[in-house]
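Let me begin by presenting the structure, written as structure tokens, before commenting on it.
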Number of protein chains: 2
Amino acid sequence: MAGNKPTTIKEIARKLKISPSTVSRALNDHPSIGLVTTMRVKKMAEEMAYEPNQTAIFFKQRKTFTIGVILPKLSEPFFSEAISAIENVAEDKKYTVLLGQSLDEENRELNIIQTFKKHRVDGILISLSKTTGDMDFLQTLAKTEIPIVFFDCVPDLKDVHKVYSDLSSGMEEAISAFVDRGHQNIALINGPESLLASKERAEAFQQALQKKGIDKKNAFIVHTDLTEKGNEAAMEKICNLADRPSAVVSFNDFVTLDLIRYAKQRGIVLNQDMFFISYANYPLWKYMDNPPMGSIEQYPDQQAQKAAEILFDCIDKKEYTTTPQDVVYPSKLVLK
Amino acid sequence: MAGNKPTTIKEIARKLKISPSTVSRALNDHPSIGLVTTMRVKKMAEEMAYEPNQTAIFFKQRKTFTIGVILPKLSEPFFSEAISAIENVAEDKKYTVLLGQSLDEENRELNIIQTFKKHRVDGILISLSKTTGDMDFLQTLAKTEIPIVFFDCVPDLKDVHKVYSDLSSGMEEAISAFVDRGHQNIALINGPESLLASKERAEAFQQALQKKGIDKKNAFIVHTDLTEKGNEAAMEKICNLADRPSAVVSFNDFVTLDLIRYAKQRGIVLNQDMFFISYANYPLWKYMDNPPMGSIEQYPDQQAQKAAEILFDCIDKKEYTTTPQDVVYPSKLVLK
DNA sequence: TTGTAAGCGTTATCAT
DNA sequence: ATGATAACGCTTACAA
């Protein structure tokens with residue numbers, strides 16, 4: 001029941017009294033091998049339960065048919081949807097997926113990249129950790145010629161492949177929806193200022209307000225560190241304002257969950273005293289008795305799929321230095 | 001920017017005019033190599049940006065430092081928590097995780113196993129797809145001596161490692177909670193009959209009722225295929241019963257979400273006309289205005305961690321045939 | 001303390 | 001159509 005070393009090509013060859021190279025060729029349907037031999041070899045391989053040793057093949061071919069995927073957190077629906085999309089593309093290409101969660105910690109992210117490099121993955125897909133500032137690892141990766149495609153949370157660099165969501169389209173829709181319903185006093189509860197994602201939201205917010213002719217004086221921006229306490233603190237600030245905003249755009253749906261709960265505690269009635277829209281469009285809303293007014297879909301599956309496709313393009317072409325792709329998908333408001 | 005082949009040990013050796021074996025040993029801190037040589041080698045390796053070619057090492061050592069994890073669906077919090085726990089253990093052991101989602105389809109599951117086998121993973125962790133009936137792949141895996149540990153959804157076999165949750169403890173608590181609150185008419189909305197998980201729930205249900213002295217005539221069991229429609233159909237049956245149950249245990253929280261929604265449509269008031277308890281203890285309840293009465297925690301992280309630990313035990317001991325572990329964690333009712 | 005050489009399983013090149 | 005041989009990069013007896 002144990003101890004049987006896996007069958008090798010050599011053993012098949014010996015048994016059949018032919019050479020290993022013939023066996024190899026037969027197994028790979030090489031045209032120059034006679035039909036009979038091919039059949040004989042395949043039959044014997046079957047009998048001996050031959051399984052090619054991929055580690056040897058990976059080694060020889062300098063290719064692992066493996067891509068590494070780095071995400072902040074799988075428990076966020078956004079990313080679990082993304083990974084599913086990636087898996088599907090990978091499966092079609094007969095690739096396997098190595099997984100790493102950065103948990104939004106930069107050093108974890110670097111470790112994972114290091115591991116992936118050691119494993120000689122053929123490519124890397126990454127949605128950056130929210131704390132990543134240092135892009136030096138790109139240099140190292142460039143040396144190894146491992147292609148890398150960023151998606152969702154992408155770096156502010158020119159010469160890299162990236163796929164991301166344009167936050168401003170959704171923001172415009174959100175502000176329009178608010179203003180059209182009579183709101184004049186609108187707040188943004190944004191993420192940490194250090195984040196690119198926050199900067200983008202802030203800009204989009206300002207521009208959208210401007211477009212709708214709302215005075216900036218009526219626009220408040222507060223920040224949260226995205227923890228529960230931070231979210232509540234942000235909400236507290238909003239609520240304590242002299243003229244309390246009646247509409248809030250928040251960083252994402254998770255934040256909104258906390259905001260709504262806090263608001264309720266303060267006796268603020270959802271969708272009456274105060275209205276919310278946030279990014280993500282998480283599926284759970286449909287089960288809530290009192291969902292927020294809307295949520296902005298960012299299409300994680302589309303983003304991830306496109307990113308994977310670009311990555312495989314790089315891999316297939318073996319051109320590490322193909323012109324960098326910069327793909328943007330508009331985000332879209334979904335009213336609840 | 002391109003074309004540079006990665007540095008090899010040989011090149012370092014040549015540059016230093018010593019033998020490759022010395023370089024290899026120095027790099028691995030082999031005690032027999034002089035300190036000076038070791039330093040010199042390491043310095044040169046650094047300078048030449050040497051990265052060991054793991055594919056060669058994997059090949060040589062017949063080990064990939066990779067484990068494969070197969071889960072039904074990452075978007076279920078249960079499994080995303082599980083994978084995080086597994087990742088943590090793997091990280092400590094310097095292992096990498098290959099990921100595959102079965103999406104509860106048996107053939108996908110088999111494909112993934114095939115791929116993992118080809119990749120020569122050192123071990124496999126799997127929570128079976130809900131449709132998996134055929135355990136033949138175990139035979140094949142046994143031949144390759146790849147250790148495998150089942151968790152959560154485990155097969156009904158004696159001689160395999162498995163870690164799972166004892167559904168009955170939570171069920172007993174649930175039934176007790178119901179009965180103590182005066183409910184006499186209790187229903188179980190169970191999963192597909194083909195599932196082991198359903199059989200276990202059904203048995204636990206019957207036994208718990210018996211323990212509490214509830215007449216079986218007052219206990220209804222209906223099945224759902226776990227789709228939204230199926231869940232609603234199951235609920236409809238319950239609601240149409242002559243004496244409608246006032247308490248429902250359901251297969252899991254996802255099912256309960258649909259049940260509650262349907263109940264509301266029919267004008268049934270939650271936690272007044274009807275009370276719910278289900279398995280999973282999903283985190284979202286805390287944000288619901290009207291959560292069900294309770295949920296049964298199954299500790300995915302504990303299960304997954306233990307399973308991973310057992311797997312690494314198998315791997316480390318290189319004893320494929322260690323006595324099969326059978327670890328059970330009690331489930332626990334959490335009132336909301 | 002260091003060097004030599006064999007070998008892991010496969011494939012590709014060159015012969016035959 | 002098939003065989004012999006080398007090579008991928010690394011480790012590890014065995015020698016020196």
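Reckoned from all heavy atoms, side chains included, excluding hydrogens, waters and symmetry mates. Lettering of chains follows the sequences in order, A, B, ..., and the numbering in each one begins at 1. Computed from a predicted structure; not experimentally measured.
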Q: Would you please say whether a donor-acceptor pair under 3.5 Å links the side chains of Ser84(A) and Gln101(B)?
A: yes

Q. Do Thr66(B) and His119(B) have side-chain atoms, one donor and one acceptor, less than 3.5 Å apart?
A. no

Q: Rounded off to whole Å, could you give me the CZ-to-P distance for the Phe58(B) and dT10(C) pair?
A: 18 Å

(Q) Consider salt bridge (charged side-chain N to carboxylate O under 4.0 Å, His left out). Of Lys117(A), Lys118(A), Arg120(A), which one does Glu51(B) pass it with? (A) Lys117(A)

Q. To the nearest 0.5 Å, how far apart are OG in Ser127(A) and CG in Leu71(A)?
A. 6.5 Å

Q | Residue mapping more 5' on DNA chain C - nearest nucleotide basis, Ala56(B) or Leu35(B) | A | Leu35(B)

Q.
Looking only at the side chain of Arg62(B) (C-beta and beyond, no hydrogens), which of the listed nucleotides dC8(D), dG3(D), dC8(C) gets closest?
A. dC8(C)

Q) CZ of Arg14(A) versus C1' of dG9(C): gap in Å, rounded? A) 13 Å

Q: Indicate whether OP1 or OP2 belonging to dG9(C) is found under 4.0 Å from a side-chain N or O atom of Arg120(B).
A: no

(Q) As a test of reading the structure: which of dG3(C), dT10(C), dC8(D) is closest to the side chain of Phe59(A), going by heavy atoms? (A) dC8(D)

Q: Could you check whether Thr8(B) gets within reach of a base, just the sugar-phosphate, or nothing at all, counting any heavy atom under 4.0 Å?
A: sugar-phosphate

Q: Determine, for Phe65(A) and Lys63(A), whether the Lys NZ or Arg CZ falls below 6.0 Å from the six-membered ring centre while staying within 45 degrees of the axis.
A: yes

Q. Can you check the Ile18(B) CD1 to dT1(C) C1' distance for me, whole Å?
A. 12 Å

Q | Axial bend angle, the helix from dT1(C)-dA16(D) to dT16(C)-dA1(D): five-pair end segments, nearest 10° | A | 40°

Q | Partner of Leu125(A) under side-chain contact (heavy atoms from CB on, under 4.5 Å), chosen from Val149(A), Ile148(A), Ile310(A) | A | Val149(A)

**Q.** Leu27(A) CG to dA12(C) P, straight-line distance once rounded to whole Å
**A.** 13 Å

Q. What's the NZ-P distance between Lys17(A) and dG3(D), to the nearest Å?
A. 12 Å

Q: Could you check Ile33(A) against Lys10(B) and say which one's nearest nucleotide on DNA chain D is further toward the 5' end?
A: Ile33(A)

Q | Exceeds 12 heavy-atom contacts within 6.0 angstrom, atom CE of Met48(B) | A | yes

Q) How long is the line joining CG of Asp29(B) and C1' of dT1(C), in whole Å? A) 16 Å

Q. Can you name the closest pair of heavy atoms from Arg25(A) and Ile33(A) and give their distance?
A. CB-CG1, 3.6 Å

(Q) Any donor-acceptor pair under 3.5 Å linking the side-chain atoms of Lys10(B) with those of Thr8(B)? (A) no

When you compare the protein's N or O atoms with those of nucleotides 11-15 of chain D, which come within less than 3.5 Å of each other, and at what distance?
residue: dT11(D); atom: OP2; partner: Ser24(B); partner atom: OG; Å: 2.8
residue: dT11(D); atom: O2; partner: Lys60(B); partner atom: NZ; Å: 3.0
residue: dA13(D); atom: N6; partner: Arg25(B); partner atom: NH1; Å: 3.2

(Q) Regarding Thr37(A), tell me which of base, sugar-phosphate or nothing describes its non-hydrogen contacts under 4.0 Å with the strands shown. (A) sugar-phosphate

Q) In whole Å, what is the span from the NZ atom of Lys118(B) to the P atom of dG9(C)? A) 18 Å

